[in-house]
Amino acid sequence: MNVPVLVINCGSSSIKYALIDSDPEAPRLAGLAERLGSADACLKGKNSTGERFNQPLPNADHTQALSAILERLEGRIPGAIGHRIVHGGEQFTQAALIDDSVVSAIQSTAALAPLHNPANLAGIAATQKVFPELPQVAVFDTAFHQSLPPTAYRYALPESLYAEHGIRRYGFHGTSHAFVSQRAATLSVRGAGGWLTAHLGNGCSTCAVWNNQSKDTSMGLTPLEGLVMGTRSGDVDPGLHAHLHRQLGWSLNQIDDVLNKQSGLLGLSGLTNDMREVEEAAEEGHEGALLALNVFCYRIAKSLAALSCALPTLDGIIFTGGIGENSPIVRRRVIDLLPHFGFALNEESNEAMIRGQEGKLDVENHEGPEVWVIPTDEEGRIAMETRQCVEAQA
Ligand code: ADP
């Protein structure tokens, strides 16, 4: 399929889009419609000459925003639409061509992602209206982790909670972990062996990948499990909910809000959820920021060490996401916390890594496991999976 794919990531009041050519290196038309449904809704983006635009779309809904996006595609007609869908439950192990049965299957997993799946479905309905003739493909954040064995995905809870209610670990950020681990398998002489990946953005997760398959990951039933994130707590004692309810009288909604929106880097630093600002404040000696940085890095290292149990051999570690790609401080600290793994980080290469660059950060001729930075490309991966799915059906 030698035509571009339109990648859509639909939230409850936003649509992120990218028009991606069959040549992944070709420039992309990309943008974001936000605050949909409100008076200050707008569409922001870049055209093919790199010029930025900001178009007001007062009170626009998803369908109106998609029509405005269509006008921004500069006459290039996509051959298919790829939708990022957060939760595919156990039903989707790979991308799926959207038809009525796929829509109902996504609906049936909405209980597992009540904020995301309904918004993704609204995006599908709107694109079907605006592009009725185009094939549409669902690409799931959870699908890459469907290769987890039960030892990694089962919680130690009564069986019926799994069998009747689907309570298990699913994992997220699958397109990112798949993209960077397969990229490392191509770039490294070690190929597709055992890789630990750390996706560190606003949301953060780790993954153990063996032979291009996810074997364990830090996120679970929801994206709250695991690492410290921008505003999410990551792992806490499961007894915390009952404690906060009984001792402080907090409601479930309050607890959920605190753990998802007021914790993580923001909660620990008391300042910000943004790692750049945390690093700056830590540099100036701010105690909360120093603590946030230390806990953040320690928890990544602890998670990677734990996930290494899922790999027969360790070939290397890959950092990605806004923090993983851009923070030499975080990379250095995480590596320093894993001395028994035999990494040998080249400090100069670590510091010299330029934004958007990919590369290996080891000292020369080092024979232990490698350290890589690989910028993630979730949209490129969604476009590739969309293309493959459409071609497989042709
Ligand atoms: P999202 O998960 O929303 O896609 P990103 O992957 O863009 O987010 O990551 C955002 C995070 O990356 C923020 O915490 C931001 O501070 C951090 N970040 C971006 N650039 C740098 C940098 N140069 N140094 C440290 N952190 C950075």
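Ligands are counted one by one from 1 in listed order, and the atoms in each one are counted from 1 as well. Remember, it's a predicted structure, so these values are computed and weren't measured experimentally.
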Can you tell which part of E277 has a heavy atom less than 4.0 Å from ligand 1: side chain, backbone, both or neither?
-> neither

Between the candidates G322, S176, G201, G230, which shows the shortest non-hydrogen contact distance to atom 12 (O) of ligand 1?
-> G322

Following the transitive rule for hydrophobic clusters with a side-chain heavy-atom cut-off under 4.5 Å over Ile, Leu, Val, Met, Phe, Trp and Tyr, establish whether L361 and I374 coincide in one cluster.
-> no

Short N-O contact, E90 and R168, less than 4.0 angstrom = yes

State which residues pass side-chain hydrogen bond (donor to acceptor under 3.5 Å, both in side chains) with K129; sequence neighbours excluded, sorted by chain then number.
-> none

Are any non-hydrogen protein atoms located under 4.0 Å from atom 16 (O) of ligand 1?
-> yes

Can you figure out which of N202, T272, N326 has its heavy atom closest to atom 8 (O) of ligand 1?
-> N202

Sidechain N-carboxylate O distance under 4.0 Å for D336, R332 | yes

Ligand 1 atoms in contact with I323 (distance to a heavy atom under 4.0 Å) = 11 (C), 12 (O), 14 (O), 17 (C)

Quick one: does H199 get a heavy atom under 4.0 Å from ligand 1?
-> no

Establish whether M219 and I318 are linked, either directly or via other cluster members, by ILVMFWY side-chain heavy-atom contacts under 4.5 Å.
-> no

Are the aromatic ring centres of F172 and H87 under 6.0 angstrom apart?
-> yes

Do ligand 1 and M275 have nitrogen or oxygen atoms that lie under 3.5 Å from each other?
-> yes

Is any side-chain N of the basic residue among E385 and R381 closer than 4.0 Å to the acidic one's carboxylate O?
-> yes

Quick one: which ligand 1 atoms are inside 4.0 Å of a heavy atom on S327?
-> 25 (C)

Polar proximity ligand 1 side, R276 side, N/O cut 3.5 Å exclusive = yes

